[in-house]
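Keep in mind it's a predicted model, so treat the numbers as computed, not measured. Numbered from 1 within each chain, the chains take letters A, B, ... in sequence-line order.
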Amino acid sequence: GAVVSQHPSWVICKSGTSVKIECRSLDFQATTMFWYRQFPKQSLMLMATSNEGSKATYEQGVEKDKFLINHASLTLSTLTVTSAHPEDSSFYICSARDSRQGTDSPLHFGNGTRLTVT
Amino acid sequence: AQSVTQPDIHITVSEGASLELRCNYSYGATPYLFWYVQSPGQGLQLLLKYFSGDTLVQGIKGFEAEFKRSQSSFNLRKPSVHWSDAAEYFCAVGAPGSQGNLIFGKGTKLSVKP
(Lines give C-alpha, C1' and ligand atoms only; values in the text may rest on other atoms or scores of the structure.)
Protein backbone atom coordinates (compact mmCIF):
# COMPACT_ATOMS: atom_id res chain seq x y z
CA GLY A 1 0.00 0.00 0.00
CA ALA A 2 0.87 3.65 -0.18
CA VAL A 3 3.58 4.68 2.24
CA VAL A 4 4.57 8.07 3.53
CA SER A 5 8.00 8.24 5.08
CA GLN A 6 8.79 11.00 7.53
CA HIS A 7 12.28 11.79 8.76
CA PRO A 8 13.58 12.18 11.37
CA SER A 9 11.28 10.39 13.75
CA TRP A 10 12.55 12.50 16.60
CA VAL A 11 14.89 15.42 17.03
CA ILE A 12 16.18 17.48 19.92
CA CYS A 13 17.52 20.91 19.16
CA LYS A 14 18.61 24.01 21.03
CA SER A 15 16.51 27.11 21.15
CA GLY A 16 17.26 29.42 18.23
CA THR A 17 18.33 26.73 15.81
CA SER A 18 16.42 25.47 12.79
CA VAL A 19 15.16 21.99 12.15
CA LYS A 20 14.14 20.43 8.85
CA ILE A 21 11.60 17.61 8.65
CA GLU A 22 11.16 15.61 5.47
CA CYS A 23 8.03 13.94 4.20
CA ARG A 24 8.29 11.54 1.27
CA SER A 25 5.68 9.58 -0.61
CA LEU A 26 7.49 6.35 -1.39
CA ASP A 27 5.34 4.69 -4.00
CA PHE A 28 3.05 7.39 -5.26
CA GLN A 29 3.12 10.97 -6.38
CA ALA A 30 1.57 13.70 -4.33
CA THR A 31 1.05 17.16 -5.72
CA THR A 32 -0.33 18.13 -2.35
CA MET A 33 0.92 17.23 1.10
CA PHE A 34 -0.34 18.37 4.46
CA TRP A 35 1.44 19.25 7.65
CA TYR A 36 -0.19 18.81 11.04
CA ARG A 37 0.92 19.58 14.56
CA GLN A 38 -0.17 17.66 17.59
CA PHE A 39 0.43 18.93 21.12
CA PRO A 40 0.31 16.49 24.04
CA LYS A 41 -3.20 15.30 24.78
CA GLN A 42 -4.51 17.42 21.94
CA SER A 43 -5.77 16.64 18.51
CA LEU A 44 -4.06 17.14 15.22
CA MET A 45 -4.29 20.61 13.81
CA LEU A 46 -3.66 21.32 10.18
CA MET A 47 -0.80 23.80 9.86
CA ALA A 48 -0.40 24.13 6.14
CA THR A 49 -1.02 22.63 2.76
CA SER A 50 2.09 22.06 0.71
CA ASN A 51 1.70 22.40 -3.05
CA GLU A 52 4.26 21.05 -5.47
CA GLY A 53 5.89 23.84 -7.40
CA SER A 54 4.05 26.65 -5.66
CA LYS A 55 3.70 28.35 -2.33
CA ALA A 56 2.23 26.59 0.62
CA THR A 57 -1.10 27.60 2.03
CA TYR A 58 -1.01 28.26 5.75
CA GLU A 59 -3.84 27.96 8.22
CA GLN A 60 -4.83 30.95 10.24
CA GLY A 61 -2.46 31.61 13.09
CA VAL A 62 0.46 29.67 11.62
CA GLU A 63 3.49 31.84 10.92
CA LYS A 64 4.68 31.16 7.40
CA ASP A 65 8.08 32.73 8.09
CA LYS A 66 8.62 30.43 11.02
CA PHE A 67 7.40 27.23 9.41
CA LEU A 68 8.97 27.15 5.97
CA ILE A 69 7.53 24.61 3.59
CA ASN A 70 9.11 23.51 0.37
CA HIS A 71 7.55 21.02 -2.02
CA ALA A 72 10.15 20.76 -4.72
CA SER A 73 9.12 17.44 -6.21
CA LEU A 74 6.08 15.21 -6.48
CA THR A 75 7.38 12.97 -3.73
CA LEU A 76 9.00 15.30 -1.23
CA SER A 77 7.85 18.09 1.03
CA THR A 78 9.95 19.61 3.77
CA LEU A 79 8.98 21.60 6.83
CA THR A 80 11.66 23.76 8.40
CA VAL A 81 11.04 25.13 11.85
CA THR A 82 13.18 28.24 11.96
CA SER A 83 14.57 29.75 15.13
CA ALA A 84 12.88 27.08 17.16
CA HIS A 85 11.70 27.82 20.68
CA PRO A 86 10.52 25.49 23.44
CA GLU A 87 6.89 26.26 22.62
CA ASP A 88 7.49 24.74 19.18
CA SER A 89 8.08 21.37 20.81
CA SER A 90 5.39 19.16 19.41
CA PHE A 91 4.63 16.15 17.27
CA TYR A 92 4.60 17.05 13.58
CA ILE A 93 2.85 14.74 11.14
CA CYS A 94 2.61 14.93 7.39
CA SER A 95 0.09 13.32 5.10
CA ALA A 96 -0.38 12.93 1.39
CA ARG A 97 -2.86 11.70 -1.12
CA ASP A 98 -2.04 9.88 -4.34
CA SER A 99 -2.41 12.50 -7.08
CA ARG A 100 -3.57 9.89 -9.56
CA GLN A 101 -6.59 9.16 -7.44
CA GLY A 102 -9.49 11.47 -6.76
CA THR A 103 -9.86 13.85 -3.86
CA ASP A 104 -11.95 11.23 -2.10
CA SER A 105 -9.02 8.86 -1.93
CA PRO A 106 -7.57 8.28 1.53
CA LEU A 107 -4.85 10.34 3.11
CA HIS A 108 -1.70 8.48 4.01
CA PHE A 109 0.08 9.67 7.12
CA GLY A 110 3.72 9.60 8.03
CA ASN A 111 4.82 8.29 11.41
CA GLY A 112 5.45 11.77 12.69
CA THR A 113 8.40 13.67 14.07
CA ARG A 114 8.77 14.42 17.74
CA LEU A 115 10.49 17.79 18.08
CA THR A 116 11.89 18.83 21.42
CA VAL A 117 13.42 22.27 21.73
CA THR A 118 15.58 22.81 24.77
CA ALA B 1 -18.41 26.41 14.17
CA GLN B 2 -17.21 23.11 12.86
CA SER B 3 -16.04 20.74 15.54
CA VAL B 4 -15.62 17.14 16.53
CA THR B 5 -16.26 15.93 20.05
CA GLN B 6 -14.98 12.72 21.49
CA PRO B 7 -16.42 12.79 24.99
CA ASP B 8 -14.33 9.96 26.39
CA ILE B 9 -10.69 10.84 26.95
CA HIS B 10 -9.70 7.40 28.18
CA ILE B 11 -11.51 4.07 28.10
CA THR B 12 -10.40 0.77 29.55
CA VAL B 13 -11.98 -2.48 28.45
CA SER B 14 -11.18 -6.10 29.06
CA GLU B 15 -9.81 -8.18 26.26
CA GLY B 16 -12.67 -9.89 24.49
CA ALA B 17 -15.21 -7.31 25.58
CA SER B 18 -17.09 -5.12 23.17
CA LEU B 19 -16.09 -1.55 22.51
CA GLU B 20 -17.86 1.63 21.49
CA LEU B 21 -16.06 4.93 21.06
CA ARG B 22 -18.24 7.96 20.72
CA CYS B 23 -17.93 10.76 18.22
CA ASN B 24 -20.22 13.72 17.68
CA TYR B 25 -19.69 16.45 15.16
CA SER B 26 -20.93 19.89 14.36
CA TYR B 27 -20.87 20.72 10.68
CA GLY B 28 -22.86 22.77 8.22
CA ALA B 29 -23.72 19.84 5.99
CA THR B 30 -23.14 16.13 6.01
CA PRO B 31 -19.38 15.82 6.04
CA TYR B 32 -17.11 13.01 5.19
CA LEU B 33 -16.40 11.07 8.39
CA PHE B 34 -13.30 9.17 9.39
CA TRP B 35 -11.85 7.14 12.20
CA TYR B 36 -8.09 6.89 12.57
CA VAL B 37 -5.94 4.94 15.00
CA GLN B 38 -2.59 6.11 16.31
CA SER B 39 -0.16 3.89 18.15
CA PRO B 40 2.37 5.61 20.45
CA GLY B 41 4.88 7.65 18.51
CA GLN B 42 3.32 6.67 15.23
CA GLY B 43 1.35 8.34 12.49
CA LEU B 44 -2.31 7.74 11.83
CA GLN B 45 -3.85 4.76 10.16
CA LEU B 46 -7.27 4.99 8.60
CA LEU B 47 -9.72 2.51 10.11
CA LEU B 48 -12.76 3.41 8.08
CA LYS B 49 -14.58 6.24 6.41
CA TYR B 50 -18.09 7.29 5.49
CA PHE B 51 -18.85 9.32 2.42
CA SER B 52 -22.41 8.34 1.54
CA GLY B 53 -24.70 5.35 1.19
CA ASP B 54 -25.00 2.64 3.79
CA THR B 55 -24.71 4.27 7.19
CA LEU B 56 -23.00 1.25 8.71
CA VAL B 57 -19.47 1.06 7.43
CA GLN B 58 -16.97 -1.70 7.89
CA GLY B 59 -13.32 -1.01 8.39
CA ILE B 60 -10.09 -2.81 8.98
CA LYS B 61 -9.20 -4.85 12.04
CA GLY B 62 -12.84 -5.76 12.68
CA PHE B 63 -14.01 -2.22 13.37
CA GLU B 64 -17.26 -0.74 12.20
CA ALA B 65 -18.96 2.61 12.60
CA GLU B 66 -22.48 3.85 12.20
CA PHE B 67 -23.42 7.26 10.92
CA LYS B 68 -26.52 8.67 12.54
CA ARG B 69 -27.50 11.92 10.92
CA SER B 70 -30.18 12.75 13.47
CA GLN B 71 -27.64 12.52 16.28
CA SER B 72 -24.69 13.94 14.35
CA SER B 73 -22.78 10.93 15.52
CA PHE B 74 -20.32 8.47 14.06
CA ASN B 75 -19.55 5.97 16.81
CA LEU B 76 -16.88 3.34 16.37
CA ARG B 77 -17.53 -0.21 17.50
CA LYS B 78 -15.79 -3.53 17.77
CA PRO B 79 -17.49 -6.67 19.10
CA SER B 80 -14.42 -8.19 20.70
CA VAL B 81 -11.36 -6.17 21.61
CA HIS B 82 -7.84 -7.54 21.30
CA TRP B 83 -4.87 -6.41 23.35
CA SER B 84 -3.30 -5.05 20.17
CA ASP B 85 -6.17 -2.59 19.82
CA ALA B 86 -4.75 -0.49 22.65
CA ALA B 87 -4.02 2.86 21.01
CA GLU B 88 -5.45 6.33 20.55
CA TYR B 89 -8.44 6.72 18.30
CA PHE B 90 -9.35 9.88 16.47
CA CYS B 91 -12.58 10.79 14.81
CA ALA B 92 -12.35 13.33 12.00
CA VAL B 93 -14.64 15.16 9.63
CA GLY B 94 -14.01 16.91 6.37
CA ALA B 95 -15.88 18.55 3.55
CA PRO B 96 -16.24 16.41 0.45
CA GLY B 97 -13.13 16.86 -1.59
CA SER B 98 -11.59 19.02 1.12
CA GLN B 99 -8.15 17.61 0.52
CA GLY B 100 -6.42 17.44 3.85
CA ASN B 101 -8.37 19.95 5.84
CA LEU B 102 -9.75 17.47 8.29
CA ILE B 103 -11.05 18.48 11.68
CA PHE B 104 -9.99 16.01 14.32
CA GLY B 105 -11.43 15.24 17.70
CA LYS B 106 -9.12 15.22 20.70
CA GLY B 107 -8.92 11.49 20.66
CA THR B 108 -9.86 8.63 22.94
CA LYS B 109 -7.14 6.54 24.46
CA LEU B 110 -8.05 2.88 24.65
CA SER B 111 -6.44 0.61 27.21
CA VAL B 112 -7.08 -3.13 27.16
CA LYS B 113 -6.98 -5.23 30.30
CA PRO B 114 -5.87 -8.85 30.03
**Item:** Under 4.5 Å from a heavy atom of chain B, the part of A:Ile93 involved
**Value:** side chain
**Prompt:** Going only through I, L, V, M, F, W and Y residues with side-chain contacts under 4.5 Å, is there a path from A:Trp35 to B:Ile103?
**Reply:** no
**Toward chain A, the part of B:Tyr36 with a non-hydrogen atom under 4.5 Å** = side chain
**Message:** Count I, L, V, M, F, W, Y as connected when their side-chain heavy atoms are under 4.5 Å apart, and connections chain through other members. Are B:Tyr89 and B:Phe67 then in the same cluster?
**Reply:** yes
**Most contacts with chain A, counted as non-hydrogen pairs under 4.5 angstrom, among B:Gln6, B:Lys49, B:Gln38** = B:Gln38
**Fill in**
When rounded to the nearest 0.5 Å, the distance separating CG of B:Leu102 from OG of A:Ser43 is 10.0 Å
**Message:** Among A:Met33, A:Gln38, A:Glu59, A:Met45, which residue has the highest count of heavy-atom pairs closer than 4.5 Å to chain B?
**Reply:** A:Gln38
**Asked** Side-chain heavy atoms under 4.5 angstrom apart, residues restricted to Ile, Leu, Val, Met, Phe, Trp, Tyr: same cluster for B:Trp35 and B:Leu19?
**Response** yes
**Item:** A:Leu26 atom CG: more than 12 heavy-atom contacts under 6.0 Å
**Value:** yes
**Prompt:** Is it the side chain or the backbone of B:Leu44 that comes within 4.5 Å of chain A heavy atoms, both, or neither?
**Reply:** both
**Message:** Counting neighbours of NZ on A:Lys66 that are heavy atoms of other residues, nucleotides or ligands and sit closer than 6.0 Å, is the number greater than 12?
**Reply:** yes
